[in-house]
Amino acid sequence: MKLRTQLCAALSALALSAAMAEAAPLKIGMITTLSGGGAGLGVDSRDGFMLAIKQAANPDVSVIIEDDTQKPDIAVQIADKMIQSDGVDVLTGIVWSNLAMAVVPNAVRQGKFYVSTNAGPSALAGKGCHENYFNAAYQNDNLHEGAGAYAKSAGYKKTFILAPNYPAGKDSLTGFKRYYGGDLAGEVYTQLGQTDYAAEIAQIRASGADSVFFFLPGGMGIAFLKQWSQSGVDLPLMGPAFSFDQTILGAVGDAALGVKNTSEWSKDIDNPANKAFVESFQAEYGRLPSLYAAQSFDAAQLILSAAAKADVKDAAAFREALRAADFPSVRGDFRFDKNQHPIQDIYVREVVKEGDVLTNKIVGVAIEDRSSAYVDECQM
Amino acid sequence: MSLILFIEQILNGLQFGVMLFLMAAGLTLVFGVMGLINLAHGSLYMVGAFACAAVAAATGSFWLGLVASLAAAAAAGVVVEVTVIRRLYRRDHLDQVLATFALILVFSEGVRWLFGSFPLYLDPPAMLSGAVELPGGILYPAYRLAIIVAGLIVAALLFLLIGRTRLGVRIRAGESDREMIAALGVDIDRLYTMVFALGAALAGFAGAMVGAIQSVQVGMGEPVLILAFVVIVIGGVGSIKGALLGALLVGLTDTLGRFLLPLAFEAVTDPASAKAMGAALASMAIYVLMAAVLVFRPTGLFGARA
């Protein structure tokens, strides 16, 4: 008899806790790159995201993380699995635009939310915008536009520009030219994945340029900067933040010192949320956060802020809560334009040495309150 | 376009070619002697670069790093040969490709597990940093000149090794008839292990030399591996001479193509589309070269086997 009562009590307690967990559970599926050459970016995205989740300590929010190995087909498979068998409500985490293009349109069409932590292809900011797609990072052109604006304000008249020959590379040079307005000393498309830039550096030297803008993400940028510093050419360099990020600066070394780069985030943006983020990230992981970590931290905060206001099962209410972007962003001011991409300041940073560590310092604002070039094409 | 720029680009092409030769020499040796398609050659290149970066960071000496890269890549080569590769000689090429592709994944994740996901720092030694002025007023990076010299020295040593030493005789004999050389009492297993270790050490050396001006990161070997295969197909499988000539041809074609093709298109069309077309064609140039060589010499420039 006594045993039976105890069993009953235990069972009802179990049932009760199950009912409580069902109050407003939110399941987030994170697809990011955790192996191979691009893993550094995915690891930082994951760590930034999970830091916010950990700090919120909300028992109703669960996150499952899977590795896309930087391959679009694998990302699509994971997304299908997460939507169909894991039953996630919100997808996030993809670093690369080509993977995002493979996953996002399908996911949002199935009624899931997607919050981007990095990729911001123009196709999803303009005609392809969707009410369930939110970008917490930037539109891809933004940082290049910032560099163009900086080049103009710095009085450069003959800039040599180069980027890899693929869609994001072309967008990059288009974005730069949109705000630059001066003459170009040369414009070169390199091969994607190219590792030797001797031919391009020789051309830059011969072109009589007064400055150089380059967009070479990942290992390409490391190779270019090292070879540049060996070449004896002495011109001011500028570029988007990707080649000067915390994940990469250590490998570039002193070759990056003094380079101006544009970013919508920097670890020295002066607001309490950012200070707390940088400190807690360092305490948790023992390294400085990168742009990717900051964007993912904000993306997680955004999702959590919406979850606090609305049940994800009520899609309209959850969407409204996301649109409000009611969270303390590490970037300070943060709000969404009507295509659900951020309106934010683009900063100019300079690579400096703090003690032994290379890092960035804000030296100015390139563009204030920048939205995206494609916002008017978005019908929503 | 000035003459100086043109000469500088030719130098760049030569330097790129020599760099490719360092990579292709080991690959062609292994391919030629053992008939093995080793996709993991790029991983050994990566091992060399990481070993060099790690030792250089710990000791502050690039030269010690270079020694470590040779040792680490050769050691990795021996381990891989004894445990995996040895079982593959009698299998067909598809099995070899599958197994060595698996090795790429094992090496990539192993290196990531050891060194983390972020690229490593490796800079050329101080005595070779900066640019030197060549006759005619050409400023050229000292380290790139060093790569050209190192590559030519390696080429010369390899020719001596293959042509003038006992080991070289055995390697050549193993290349043409492995049953016969085994019947003559040569320990073929040991010979193969040595050849594989030599090829691995060459890849590691290339990784360390090149890592200093490129990015030391997981997956750095695979793009170079593709180019190295193009080089040995053009040069002829198994031929060191062919690898050297093929590498220089590929290096020059690639560098001059990137430089001249956009200019050539500008003469016939507007600048914007000339740039796009030039860049697109330049990335194909070496494969066009390979196809052209194969049309006239199906076994490559110095290929022996039909």
Side-chain angles (χ1 to χ4, degrees), chain A residues 33-44 69-70 164-165 169-170 173 184 186-203 205-207 218-233 246-255 287 290 358, chain B residues 1-2 4-6 8-9 11-13 15-16 19 53 105 108-109 112 116-124 128-133 138-144 210 212-220 222-224 251 254-259 262 271-272 275-276 278-280 282-283:
Chain A
T33 305
L34 299 173
S35 62
L41 316 189
V43 167
D44 254 31
T69 69
Q70 208 181 333
N165 193 19
K170 295 195 167 148
L173 297 192
L184 295 176
E187 178 178 357
V188 165
Y189 287 110
T190 61
Q191 290 161 29
L192 189 61
Q194 184 173 324
T195 47
D196 198 90
Y197 293 93
E200 286 75 14
I201 291 172
Q203 271 174 276
R205 192 207 308 267
S207 71
M220 294 186 279
I222 300 176
F224 177 81
L225 279 166
K226 281 178 162 183
Q227 292 163 25
W228 175 264
S229 74
Q230 297 291 310
S231 70
V233 190
Q246 213 62 51
T247 55
I248 280 183
L249 276 178
V252 177
D254 290 350
R287 61 175 196 273
S290 68
L358 284 165
Chain B
M1 176 184 60
S2 66
I4 286 188
L5 178 60
F6 190 71
E8 192 180 345
Q9 296 292 29
L11 263 179
N12 285 334
Q15 180 262 322
F16 189 42
M19 223 162 77
L105 302 179
S108 290
E109 292 317 299
R112 223 167 59 73
S117 305
F118 303 106
L120 253 55
Y121 172 78
L122 176 64
D123 232 20
L128 292 174
S129 71
V132 289
E133 192 165 337
I138 301 171
L139 268 182
Y140 203 73
Y143 190 74
R144 287 186 185 268
V210 172
I213 52 168
Q214 291 182 3
S215 156
V216 180
Q217 62 179 7
V218 173
M220 63 186 283
E222 280 66 60
V224 200
D254 188 63
T255 305
L256 293 182
R258 262 152 54 199
F259 166 54
K275 266 163 204 130
S283 56

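Within every chain, numbering begins at 1; the chains are lettered A, B, ... in the order of the sequence lines, protein sequences first and strands thereafter. Computation of the quantities below employed the complete heavy-atom set of this structure, encompassing side-chain atoms and omitting hydrogens, waters and symmetry-equivalent molecules. For clarity, every value in this text was computed on a predicted model and none was experimentally measured.
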If every non-hydrogen atom of B:Pro141 is compared with every non-hydrogen atom of A:Ser231, which pair is closest and at what distance?
-> CG-CA, 3.9 Å
Main-chain N/O of A:Leu34 paired with B:Arg112 side-chain donor or acceptor, under 3.5 Å | yes
Are the side chain of B:Glu8 and the backbone of A:Ala202 linked by a donor-acceptor contact shorter than 3.5 Å?
-> no
Chain B contact via A:Asp196 - which portion, at a heavy-atom distance below 4.5 Å | both
Mind ranking A:Ala223, A:Ala198, A:Gly232 by heavy-atom pairs under 4.5 Å with chain B and telling me who comes out on top?
-> A:Ala198
What residues, two or more places apart in sequence or in another chain, satisfy ring pair (Phe, Tyr, Trp, His ring centres under 6.0 Å) together with A:Tyr189?
-> none
Greatest number of heavy atom pairs closer than 4.5 Å to chain A - which of B:Gly219, B:Pro124, B:Ala142 = B:Pro124
Leading residue by heavy atom contact count with chain A [cutoff under 4.5 Å; candidates B:Glu222, B:Arg258, B:Gln217] = B:Arg258
When the 4.5 angstrom heavy-atom criterion is applied to B:Ile213 and chain A, the contacting part is both
Give me the one residue out of A:Leu41, A:Ile248, A:Leu249, A:Asp44 that meets side-chain contact (heavy atoms from CB on, under 4.5 Å) with B:Phe118.
-> A:Asp44
At what distance, to the nearest 0.5 angstrom, does OH of B:Tyr121 lie from CD1 of A:Ile222?
-> 12.0 Å
Contact part of B:Gln15 toward chain A, heavy-atom cut-off under 4.5 Å: side chain, backbone, both or neither?
-> side chain
What residue, out of B:Gly116, B:Ala53, B:Gly130, has the most heavy-atom pairs lying under 4.5 Å from chain A?
-> B:Gly130
Side chain, backbone, both or neither: which part of B:Met220 has a heavy atom under 4.5 Å from chain A?
-> neither
A:Gln191 portion near chain B, given a 4.5 angstrom heavy-atom threshold | side chain
For chain A, which of B:Ser108, B:Ala280, B:Ala212 has the most heavy-atom pairs under 4.5 Å?
-> B:Ala212
Rounded distance [0.5 Å steps], CD1 in B:Ile4 versus CZ in A:Arg205 = 10.0 Å
Tell me, side chain or backbone of B:Pro262 under 4.5 Å from chain A's heavy atoms, or both, or neither?
-> neither
Side chain, backbone, both or neither of A:Tyr197 within contact of chain B (heavy atoms, under 4.5 Å) = backbone
Donor + acceptor pair across side chains of A:Gln227, B:Arg144 (<3.5 Å) | yes
Proximal component of A:Val233, with respect to chain B [non-hydrogen, under 4.5 Å] = neither
side-chain hydrogen bond (donor to acceptor under 3.5 Å, both in side chains) partners for B:Gln9, two or more places apart | B:Asn12
Region of B:Leu105 that comes under 4.5 Å of a non-hydrogen atom in chain A | neither
